[in-house]
Amino acid sequence: MDIGFVGLGRMGRPIARRLIEAGHDVVVFNRTPGRIDELVFAGARAADDVAAVCRGRSVVVTMLADDAALTDVALRPGGLRDSLSAGAIHVAMGTHGVAAMSRIDAAHREASQRFVAAPVLGRPEAAEAGQLGIVVAGPPDASEDCAPLFEAIGRRTFDAGTRPAGASAIKLANNFVLGCAIEAIGEAFALVRKHDVAANVMQDVLTDGLFGCVAYRTYARIIADEAYDHVGFSATLALKDATLVLAAGEAARVPLPGANTLRDRLLGAIAHGDGERDWAVIAREQARASGLG
Ligand SMILES: NC(=O)c1ccc[n+]([C@@H]2O[C@H](COP(=O)([O-])OP(=O)(O)OC[C@H]3O[C@@H](n4cnc5c(N)ncnc54)[C@H](OP(=O)(O)O)[C@@H]3O)[C@@H](O)[C@H]2O)c1
């Protein structure tokens, strides 16, 4: 496929690399130019701006930090909506709010373009290994056209229907569950540490049986080792997601008490200077609250 790619951060770089390695013709653009060098070396062509990344492309993927970045790249003059040809597809793979998805979907429809939301499940390591889960929602013909793209980067896709906002709701709800699990692991570790038990014993017990899945194994290890500087997903971006979860809940009148706790923990971590550490750093907040150094 001929693919344009905008947003070469922690997730965008390994995803774009998989597309290149699968033989797709990939043109890349990133706001900070130095981040595209390794992809150009791997076989991508560099574009100077968003308009150039759209030229002659039937699909353009965005993997951007937040709604503000996506809205700017998609809707500003000379952005995706102005530059994609009729019938071309914008695939948004970042984690975005339900309202932003609906707004961008409407803008692309007006321009006779197709918009697919395809937020991903998995950290950068999963992206490198082509093992992402991909939650897909959009016009069925567009989702089908993107199948070779999804095959190159994911272990499976989940069909979330035709409304892009639906894929966002699922992705946000899933991140909410994961965040609550990390919060619970942090609380549990603080409890046993206060009772003078080594963290690695708790890690072993927790991940041996009922909670032996990848999520608990990954985050119990990070928290036991206090390895918050090996960043897969930053606390700043996790706060963005917690805020989007609460907004989605408020819009639909769904109370989410756990999401409020998660948001406050992330706010505390960021206030303590840990915003660019891995979001598991919320366990350090619990440790502080428990009087642990
Ligand atoms: N990391 C994970 O484990 C993970 C997993 C699943 C989903 N996600 C989601 O995937 C998305 C990307 O995450 P990430 O970890 O790759 O983030 P990241 O490393 O911070 O990269 C963010 C990307 O967005 C670009 N960007 C930010 N603001 C921009 C703006 N105003 N205009 C243009 N470009 C802008 C950045 O460009 P610069 O290089 O110029 O800053 C960079 O390319 C987020 O929505 C995140 O929630 C992340």
Side-chain angles (χ1 to χ4, degrees), residues 4-18 28-39 44 46-53 60-80 90-98 100-101 104 117-136 153-155 158 164 167-168 170-179 182 214-215 218-219 222 228 230-245 248 262 266 270 275-281:
F5 204 106
V6 183
L8 287 311
R10 273 192 193 94
M11 291 297 285
R13 281 198 302 278
I15 291 174
R17 177 178 282 274
R18 298 258 345 157
V28 292
F29 171 75
N30 193 61
R31 179 181 62 174
T32 306
R35 283 181 151 182
I36 64 173
D37 293 351
E38 65 177 75
L39 296 165
D48 288 335
D49 53 29
V50 173
V53 103
V60 172
V61 176
T62 52
M63 192 50 169
L64 295 162
D66 53 23
D67 288 355
L70 179 69
T71 304
D72 185 42
V73 165
L75 304 186
R76 90 164 100 96
L80 288 179
H90 171 191
V91 182
M93 303 199 91
T95 306
H96 298 289
V98 292
M101 288 290 96
I104 288 166
V120 299
L121 314 170
R123 290 165 61 92
E125 297 84 352
E128 273 161 33
Q131 289 297 308
L132 294 170
I134 310 167
V135 184
V136 181
I153 64 174
R155 67 185 157 75
F158 303 84
S168 280
I170 289 182
K171 167 64 191 175
L172 290 170
N174 192 69
N175 254 24
F176 160 61
V177 172
L178 183 55
I182 296 170
V214 63
T218 300
Y219 286 101
I222 293 173
Y228 307 123
H230 178 66
V231 186
F233 186 46
S234 71
T236 300
L237 284 185
L239 176 64
K240 176 261 300 180
D241 285 4
T243 306
L244 292 175
V245 168
L262 178 60
L266 288 161
I270 292 165
E276 294 314 309
R277 295 203 158 83
D278 194 86
W279 68 322
V281 78

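Note that the structure is a prediction, hence the values are computed from the model and not measured. Counting starts at 1 for both ligands and their atoms, in listed order.
- Regarding atom 13 (O) of ligand 1, its nearest protein heavy-atom neighbour is Leu237 CD1, 3.6 Å.
- When each of Asp241, Thr243, Leu239, Val281 is paired with Leu266, the side-chain contact (heavy atoms from CB on, under 4.5 Å) condition holds for Leu239 and for no other.
- Within the 4.5 Å cutoff, the side chain of Val60 has heavy atoms near those of the Val6 side chain.
- Every atom of ligand 1 is numbered from 1 in the order shown, and the set under 4.0 Å from a heavy atom of Arg35 is 38 (P), 39 (O), 41 (O), 42 (C).
- For atom 40 (O) of ligand 1, the choice among Val120, Leu70, Thr32 with the nearest heavy atom turns out to be Thr32.
- The residue Glu276 has no part lying near ligand 1, judged by heavy-atom distances below 4.0 Å.
- Ligand 1 places these atoms under 4.0 Å from at least one heavy atom of Pro124: 3 (O).
- Ligand-side atoms of ligand 1 in range of Ala69: 28 (N), 29 (C), 30 (C), 31 (N), 35 (C), range being under 4.0 angstrom from any heavy atom.
- Listed by number with element, the atoms of ligand 1 under 4.0 angstrom from any heavy atom of Asn30 are 37 (O), 38 (P), 39 (O), 40 (O), 42 (C), 43 (O).
- The side-chain heavy atoms of Val73 and Arg31, taken from C-beta on, include no pair separated by under 4.5 Å.
- Considering backbone and side-chain N/O atoms, Arg31 comes within less than 3.5 Å of an N/O atom of ligand 1.
- Counting only distance, with no hydrogens or angles, the side chain of Asp67 and the backbone of Ala100 share no donor-acceptor pair below 3.5 Å.
- A donor-acceptor pair is defined here as one N or O able to donate and one able to accept, closer than 3.5 Å; no such pair exists between the side chain of Arg155 and the backbone of Gly130.
- Looking at Leu8 against ligand 1, only its backbone comes within 4.0 Å, counting heavy atoms.
- In this structure, the side chain of Asn30 engages the main chain of Leu8 through a donor-acceptor pair within 3.5 Å.
- Rounding to the nearest 0.5 Å gives a distance of 13.5 Å between CD1 of Ile15 and CZ of Arg10.
- Between Lys240 and Leu237, the closest side-chain pair of non-hydrogen atoms falls below 4.5 Å.
- The shell of residues lying under 4.0 angstrom from ligand 1, judged by heavy atoms, excludes Arg13.
- Looking at heavy atoms from C-beta onward, His90 lies in side-chain contact with Ile104 at the 4.5 angstrom threshold.
- Taking every non-hydrogen atom of Gly7 and a distance limit under 4.0 Å, the qualifying atoms of ligand 1 come out as 43 (O).
- Close approach to Met63 involves these atoms of ligand 1, each under 4.0 Å from a residue heavy atom: 10 (O), 23 (C).
- Counting protein heavy atoms only, atom 4 (C) of ligand 1 is closest to Met11 CG, 3.5 Å.
- Residue Lys240 touches ligand 1 through its side chain alone, judged by heavy-atom distances below 4.0 Å.
- Note: an N/O pair closer than 3.5 Å links Arg10 and ligand 1 by distance alone.
- Among protein heavy atoms, atom 5 (C) of ligand 1 sits closest to Gly122 O, 3.1 Å.
- Between Tyr228 and Ile222 there is a side-chain heavy-atom pair separated by less than 4.5 Å.
- Among Asn174, Thr95, Val73, the residue whose heavy atom sits closest to atom 9 (C) of ligand 1 is Thr95.
- If you look at Leu64 next to ligand 1, the close heavy atoms, those under 4.0 Å, come from the backbone and the side chain alike.
- We find that Arg123 and Asp278 are joined by a salt bridge, their nearest charged nitrogen and carboxylate oxygen being less than 4.0 Å apart.
- Counting only heavy atoms of the protein, atom 21 (O) of ligand 1 lies nearest to Gly9 CA, 3.4 Å.
- Contact annotation: the side chain of Ile182 approaches that of Trp279 to within less than 4.5 Å [non-hydrogen atoms, C-beta and beyond].
- Atom 24 (O) of ligand 1 has Ala65 N, 3.2 Å as its closest protein atom, hydrogens excluded (heavy atom only).
- Put simply, the side chain of Leu132 reaches to within 4.5 Å of the side chain of Met11, judged on heavy atoms.
- Checking Ala126, Ala127, Gly232 against atom 1 (N) of ligand 1, the nearest heavy atom belongs to Gly232.
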